[in-house]
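Since the structure comes first, as structure tokens, the remarks are kept for the end.
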2 protein chains.
Amino acid sequence: MSVRNALLGLLAQKSRHGYELRSAFVAMLGGEANWDLKPAQVYTTLSRLAEAGLVKQQATLQSGGPEKTIYAITPAGKKELRKWFESPVEASHQQDEVYLKLVLSLATGNADPYHILQTQRASLYRQLHDVTTRRNDTDPERDLAILLLHDQTIMHLEADLRWLDMVEGRLDEIRKQPVPSPLSRTRGRPPNSAKDPPISLPERVKK
Amino acid sequence: MSVRNALLGLLAQKSRHGYELRSAFVAMLGGEANWDLKPAQVYTTLSRLAEAGLVKQQATLQSGGPEKTIYAITPAGKKELRKWFESPVEASHQQDEVYLKLVLSLATGNADPYHILQTQRASLYRQLHDVTTRRNDTDPERDLAILLLHDQTIMHLEADLRWLDMVEGRLDEIRKQPVPSPLSRTRGRPPNSAKDPPISLPERVKK
DNA sequence: TGACAAATCTAGTAACTTGTTTTATATTAT
DNA sequence: ATAATATAAAACAAGTTACTAGATTTGTCA
């Protein structure tokens, strides 16, 4: 949803055509190394925004070559954008993938958990090196925001590394425990708990 | 991709039908509060895995109720699974959404950046409280892995909170800088400006 | 006590949304 | 010729909403 809302935001700032939106988006994130937004995604997202009535075609310039369709945000789009600004971002479980690998390697015996930890650690160190290089190439006088973006990535990578150390330290303990399996839940209607008496609803009255 | 590979891993452990896979997946992550995998996603993922030849239908049981189609992993599926185990997890830009909101609020003036920071901070504290509660309800003697999973989430949330503080401390500085946005260029290859003479790269030498 | 309503679990399907990539095509400046 | 601008069609991938339908258990009322 971030691309969709970001395009909406950029159109709120100024009406633009597709390729211009892409350039602005990439510039906002400090280049293609940070977020390589494909041109095609801009156009698919734009057409979906137009279908939802959040943007509309304002004009189509044609000076010899292909048409440049300028898009503008609509009042409904501005409302949607405000909604996005006002709502917090919830965490996703993107981060759980390494955990899944570890647990499944223990469960299936198809891989060595220590090897997984090593591979992941090496990758995190490489990512940390790359982003630190980019961070140090960023001019704080011109692109302070992008510098802070890199800082966020660095902080996350450092947290991941510390977590890997924690896991490695307790891996033998985890090995001794069985893989968490589903507990058979009680079937059927749950018994009435005294704590939570049902409110007698008028709608429940029999005809 | 994690759901896809996790289902593959669970099938490597044991052949199962769709609903059983869902239960095992949810149990592995410590309940629906941590990852509420929708049944529909299991079945769509399974059919894509079957189409790719990574799993196959082993049998269809019917005991009174609806049919239970048992899936099994294929040799190609085992190979794919090993590949997943061996490759590191790369960071995604899921985390950049708050950054986008901040930069766009500054660019468009459609929202107050301080308000965004406040909202996000409140949400992070709530998430931190929730996961800490779940963590403390986890028995380390039985579910050490799930405890470590919660620790990972906590470490990420704490990093996010520290980052918000960093940003807030420098928000006035960021405000003074223009939003990084490229000029809309004319179509075709941009002309070489006299101000910015191209560095003669060896690669550019005409053959 | 027996019929029945209520609640929940099991198992799966259909349709849709969103994100992203692939591929194709045309234009224009150097 | 090549590199950059500019757009579109088609398709794939991931995930959600909403739904069907039977099975199981409990509560309630006549």
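A quick note: this is a predicted structure, and the numbers were derived from the prediction, not measured. By convention in this document, chain letters (A, B, ...) are assigned in the order of the sequence lines, proteins followed by strands, and residues within each chain are numbered from 1.
- Within 4.0 Å (heavy atoms only), T44(A) reaches at least one base atom of the nucleic acid.
- Using a cut-off of 4.0 Å between Lys/Arg side-chain N and Asp/Glu carboxylate O, E90(B) and R126(A) are scored as salt-bridged.
- If you measure from atom CD of E51(B) to atom P of dC12(D), you get 8 Å, rounded to the nearest angstrom.
- Interface remark: the R4(B) side chain does not form any donor-acceptor pair with the dA14(D) base, using a distance-only criterion of under 3.5 Å.
- In this entry the distance linking CD of Q57(A) with C1' of dT7(D) reads 12 Å, nearest Å.
- Neither OP1 nor OP2 of dG15(D) sits under 4.0 Å from any side-chain N or O of K38(B).
- Across the protein-nucleic acid pair, L21(B) atom CG and dA11(C) atom C1' stand 12 Å apart, rounded to whole Å.
- A donor-acceptor pair shorter than 3.5 Å can be found between the side chains of E97(A) and W84(B).
- The phosphate of dA14(D) (OP1 or OP2) has no side-chain N or O of Q41(B) nearer than 4.0 angstrom.
- Side-chain N/O atoms of Y43(A) include none lying less than 4.0 angstrom from OP1 or OP2 on dA8(D).
- With rounding to whole Å, R16(A) atom CZ is found 13 Å from dA6(D) atom P.
- Phosphate contact (OP1/OP2 of dG12(C), side-chain N/O of Y19(B), threshold under 4.0 Å): absent.
- Taking atom CG of residue N5(B) and atom P of nucleotide dG15(D), one finds them 11 Å apart after rounding to whole Å.
- The distance between atom CG of D36(B) and atom C1' of dC9(C), rounded to the nearest whole Å, is 15 Å.
- Within the 4.0 angstrom heavy-atom criterion, only backbone atoms of the sugar-phosphate kind lie near V3(A); the bases stay farther away.
- Annotation: of the two residues near DNA chain C, P39(B) and P39(A), the 5′-most nearest-nucleotide partner is P39(B).
- Residue contacts for R22(B): at a heavy-atom cut-off of 4.0 Å it reaches no nucleic acid atom on any strand shown.
- Looking only at side-chain heavy atoms (C-beta outward), T138(B) and L144(B) stay at 4.5 Å or farther from each other.
- Classification of D137(A) and R135(A) as a salt-bridged pair fails, no side-chain N sitting under 4.0 Å from a carboxylate O.
- A straight line from NZ of K68(B) to P of dG12(C) spans 8 Å, rounded to a whole angstrom.
- Regarding L49(A), its CG atom lies at a distance of 11 Å from the C1' atom of dT18(C), rounded to whole Å.
- Comparing atom distances between the R48(B) side chain and each of dA14(D), dT22(C), dA14(C) picks out dA14(D) as nearest.
- When all heavy atoms are compared, the tightest approach of S87(A) to T119(B) is C-CG2, 4.4 Å.
- Summary of the strand contacts: A40(B) and E20(B) both lie near DNA chain C, and taking for each the nucleotide with the nearest heavy atom, the more 5' one is attributed to E20(B).
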